[in-house]
Amino acid sequence: MASQTDSIVQASLAALLKDSSFLPELQDKTRHQAFASLASILSTPNKVHKAFLRISLDNGEIVRIPAFRVQHNNTLGPYKGGIRFHEEVKEDEVINLAALMTLKNALHDVPFGGGKGGVVLTPRDHSAKEINLICQKYVHYFSDILGPDKDIPAPDMGSGDREMDWMMAEYKSIRPGEPYRGSFTGKSIINGGSLGRREATGKGVYFSFRYMLHDFLKEQQTFLSNTGNKFAKTLLGYTDKPMTVAVQGFGNVGSIAALEAYHCSLLQNKVVAVSDRNTMLYNSDGLDIPALIDFTGKNKGDLPTSEEQLMKAGIKAVIHERDQVLEQDVDVLILAALQDQIHEGNMENIKARFIVEGANAPVTGKADEYLSEKGVIIIPDILANAGGVIVSYFEWLQGRETQFYNEEEVFKLLVAKMKATMDSILPQYFGDPFPLRQNCYIHSVMKLSTVLYRQGKLY
Ligand code: NAD
């Protein structure tokens, strides 16, 4: 497990060890032994599967493509997590992402464990036929360990519904007569995907912020005023105050989060900056997000990069350097691109008072500590970006029942699940000195520990 995730898990265990009200049945030496056992269970994956997928390219060349499936922990249910298609996939990174899935599912009471997959390739360098072969081989090589009650992959960076459809089809032909709809999630609607899955992560990202800033702040004013906690002071500073928003990344997650902010009538929001892999656009009066989404839809996902393109699309914005998005003087920064974006080198230049992690691990451990010390509220990845896995869970359920929900039902269920998590975390966060990330980890670790203890697995 990479150091940031592992060190927060270990810090959470250390805090719980001292808390005598947690698992009071465990005392003295037995308690220390059980916690040592927990530390080793949570910091190592159950299994790491590796394969070299042998495929024939369109030009006749035979290649072996490295592929992984990491099964981190299945205490709470079948392993669950995406398959990343990217040239920089590394075993350690996949292990870390699988551990994050274990914690994320525990936090949101999703009955899955944590897993993750990876294939080391550059998707744009391969034809559809080659990608199809790679998908088939992935399922073929890992068919014994996958399945609706064992390990359920989903898309991740570089893969999407097309790949999940192909993988499910291969799984079905390898295991004729067995249930197959729940073997992969993130499929196309026609192949048993869930309505609302595409928007789920971005909607959840914005909801996590909106819920804190609207519902929680309004309902808990007295509690927040009395705690004296630095994060409560930050939140109270935004009572009925207009807010500016910047969004890094304008793909699936970032564009939907920006659109939610644009349409939100409960907060006085203005999305003034958005960025993607090429550029950053700024407008102090607020950007026209629907027009930008329309533009990216017609231009391979990219934002406008020239005055000419902006004028043609009727969009008012000033073009800036891509990475300036991070240092904008805004109230809220939504990170929806890559990992490690805020780090020791730029943390002192961050002006936002709220950071919402749509991407996984976009803030490094050092930067997290520094900004939290200053009272910046960071809504961490495992809390903010769980919309995708929550709706994947609904997809899995719908596949089992072969009964499908409409989009409104999906979003209602998603919001209810995220609200339940926020309600169980926020009072503690605004009442004690730990950053929100650690509060979330403590919550997940408590759940996993209690289940393991009750199952007699801590020895
Ligand atoms: P995506 O590929 O649809 O979009 C990524 C966006 O980031 C694009 O607009 C791209 O141009 C931009 N980008 C790339 N490099 C950048 C850079 N250096 N600076 C600014 N922008 C840059 O991906 P997505 O599905 O929106 O996922 C975004 C992040 O959220 C990823 O880290 C992903 O792992 C994470 N995530 C996604 C989901 C999901 O359901 N899609 C769920 C959980 C976490």
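No hydrogens, no waters, no symmetry mates; every other heavy atom, side chains included, goes into these values. First listed ligand is number 1; within each ligand, the first listed atom is number 1.
Scanning both residues, A384 and I379, for their nearest heavy atoms gives CB-CG2, 3.9 Å.
Salt-bridge check for D381 with R437: passed, with a basic side-chain N closer than 4.0 Å to an acidic carboxylate O. Ion pairing between K351 and E327 fails under the 4.0 Å rule for side-chain N and carboxylate O.
Closer than 4.0 angstrom to ligand 1 by heavy atom are R84, M157, R197, T201, Q248, G249, F250, G251, N252, V253, S275, D276, R277, R322, A336, A337, L338, G358, A359, N360, N385, sorted by chain and number.
For K150 and Y79, the positive end is not near the middle of the six-membered ring at less than 6.0 Å and at most 45° from its axis. Because its NZ or CZ atom is both nearer than 6.0 Å to the ring centre of Y180 and within 45° of the ring axis, K172 counts as a cation-pi partner of that residue.
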Identify each donor-acceptor pair in which a side-chain atom of residues 329-340 lies under 3.5 Å from a protein atom, sequence neighbours left out, and give them as a table.
residue	atom	partner	partner atom	Å
D331	OD1	Y238	OH	2.9
D331	OD2	T244	N	2.8
D331	OD2	T244	OG1	3.2

